[in-house]
Amino acid sequence: MKIDVVSIFPEYLAGLQLSLIGKAVDQGVLDLNVHDLRDFTFDRHNTVDDSPYGGGAGMVMKAEPWALALEHILGGESLVGATSVERTVGADTGDEEPAAAGRPILIVPSPAGPVFNQRIAEELSDADHLVFACGRYEGIDQRVIDWSGEHFDLRPMSIGDYVLNGGEVASMVMIEAVSRLIPGVIGNPESLTEESHEDGLLEYPIYTKPASWRDRDVPEILLSGNHGAIARWRRDRRLERTAEVRPDLLAGLNGLDKHDRAVLERFESGDDSVKE
Ligand code: 6GU
């Protein structure tokens, strides 16, 4: 997967060189490029912002540097100047790698977007090319956002109901959530199947040695070697934890069986006798 990020603070994204994402970049599983928006300005002060038409507080990011940066990224795919059909299906670029089928996805981090979640992370992890446009100040001139929709699959995206100073941290959140789902990024793919949100439930509690720590014992059943009983116990804890912490997630669940529903009913009636 190719990932391009445009920002006036490219250093912010340096953290992506660490850990599993950094390793995936080193190994060529991820082709990650961070671009400085100011490289696409041509005045003495490398101006990227100006005051808002109509008045109001703060500054607005100017359209032209964004258009030039995004065209530069599209140009890397040799799609600039391609026919609209070639743009849609992927241009034949001769000695370069064939361009990805379809348009690149342009993610514009914004608290005004729909909220990013694991389902969207999974969807994006299938893409060939993601581009993140990290706005600062009050945001980006709407005209270049509208223009970009002619060249990209445009996806405004929030990471939650609070306000950040810019899109950089939000982009890092989404890049980490998406890229860890790409085959080869996480060493043990099995660790992806039993984690929180994977199937709409939160994760069960986990323990390691010693079996007794400061008078607190690991739940007996985990030492039993009875794999069926352990799996049932873990699912029960996931159901209870989800009902307690995120009852909003229960509404979207399908695939609950009779036992699951009994666990939830017992939890809702306040009877936690099944826990031990
Ligand atoms: Cl994606 N950007 C900004 N600036 N603030 C946010 C956000 C994104 N998501 C939540 N708050």
Side-chain angles (χ1 to χ4, degrees), residues 1-41 46-49 59-77 100 103-118 120-141 144-145 148 151-160 162-182 184-186:
M1 176 187 284
K2 187 162 196 250
I3 300 179
D4 287 285
V5 185
V6 183
S7 166
I8 58 167
F9 296 118
E11 301 87 352
Y12 243 110
L13 286 299
L16 293 174
Q17 289 164 21
L18 304 172
S19 191
L20 293 172
I21 310 292
K23 216 164 112 192
V25 172
D26 291 343
Q27 293 173 345
V29 178
L30 275 183
D31 177 11
L32 175 70
N33 303 281
V34 181
H35 310 266
D36 188 341
L37 183 68
R38 290 194 200 276
D39 290 345
F40 301 91
T41 59
N46 301 115
T47 310
V48 293
D49 63 325
M59 298 290 269
V60 177
M61 291 190 115
K62 293 165 71 64
E64 187 62 9
W66 277 107
L68 294 174
L70 296 173
E71 279 172 339
H72 171 74
I73 288 166
L74 288 168
E77 301 197 342
R103 306 160 166 212
I105 297 175
L106 178 63
I107 296 163
V108 184
S110 160
V115 178
F116 181 76
N117 60 23
Q118 190 67 18
I120 296 172
E122 279 160 15
E123 179 200 331
L124 295 177
S125 72
D126 278 334
D128 294 303
H129 189 182
L130 302 181
V131 181
F132 290 84
C134 303
R136 285 256 148 189
Y137 315 116
E138 302 306 308
I140 303 172
D141 189 310
V144 72
I145 306 282
S148 70
H151 306 277
F152 295 87
D153 177 1
L154 184 59
R155 301 287 294 268
M157 202 66 73
S158 167
I159 62 161
Y162 40 80
V163 179
L164 304 170
N165 288 332
E168 285 78 7
V169 170
S171 291
M172 291 175 75
V173 165
M174 292 185 267
I175 290 168
E176 180 158 323
V178 168
S179 48
R180 63 192 294 285
L181 300 175
I182 297 169
V185 173
I186 289 219

Between atom [atom1] of [X] and atom [atom2] of [Y], what is the distance when rounded to the nearest 0.5 Å?
| X | Y | atom1 | atom2 | answer |
| --- | --- | --- | --- | --- |
| Thr41 | Trp66 | OG1 | CH2 | 12.5 Å |
| Phe152 | Ile105 | CZ | CD1 | 11.5 Å |
| Ile21 | Leu13 | CD1 | CG | 12.0 Å |
| Met59 | Thr47 | CE | OG1 | 8.5 Å |
| Lys62 | Leu68 | NZ | CG | 11.5 Å |
| His151 | Leu70 | NE2 | CG | 9.0 Å |

> Are Leu16 and Leu30 side-chain neighbours, meaning at least one heavy-atom pair lies under 4.5 Å?
Replying inline: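 No; the side chains remain at least 4.5 Å from each other.
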
>> I'd like to know whether CG of Asp26 has more than 12 heavy-atom contacts from other residues, nucleotides or ligands below 6.0 angstrom.
In response: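 Yes, CG of Asp26 has more than 12 neighbouring heavy atoms, counting only those of other groups under 6.0 Å.
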
> Are there more than 12 heavy atoms of other residues, nucleotides or ligands under 6.0 Å from atom CD of Glu176?
Replying inline: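 No.
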
>> Set out, in order, the CA-CA distance, both residues' side-chain angles and the distance that settles side chain to side chain contact (heavy atoms under 4.5 Å, CB included) for Asp4 and His35, then state yes or no.
In response: CA-CA 7 Å; Asp4 287 285; His35 310 266; 2.7 Å; yes

> Under the criterion side-chain contact (heavy atoms from CB on, under 4.5 Å), which of His129, Met1, Lys2 is the partner of Asp31?
Replying inline: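 Considering His129, Met1, Lys2, a side-chain contact (heavy atoms from CB on, under 4.5 Å) with Asp31 is found only for Lys2.
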
> Just one of Ile3, Asp126, Leu130 clears the side-chain contact (heavy atoms from CB on, under 4.5 Å) bar with Val178, so which one?
Replying inline: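 Only one option passes, and that is Leu130.
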
> What side chain to side chain donor-acceptor pair (under 3.5 Å) pairs are there with at least one residue in residues 5-18, not counting sequence neighbours?
Replying inline: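 For residues 5-18, and leaving out neighbouring residues, the side chain to side chain donor-acceptor pair (under 3.5 Å) pairs sorted by first residue read Ser7-Glu168.
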
>> If I compare all heavy atoms of Cys134 with all of Ser171, which pair ends up nearest, and what's the gap?
In response: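 Cys134 and Ser171 have their closest heavy atoms at SG-OG, 3.3 Å.
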
> Residues two or more places apart in sequence or in another chain: which of them pass side chain to side chain donor-acceptor pair (under 3.5 Å) with Glu123?
Replying inline: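 If we apply the side chain to side chain donor-acceptor pair (under 3.5 Å) test to Glu123, skipping adjacent residues, the hits are Arg155.
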
> Between His72 and Phe40, what is the ring plane arrangement, given parallel below 30°, perpendicular above 60°, and tilted in between?
Replying inline: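 Ring orientation of His72 relative to Phe40: tilted.
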
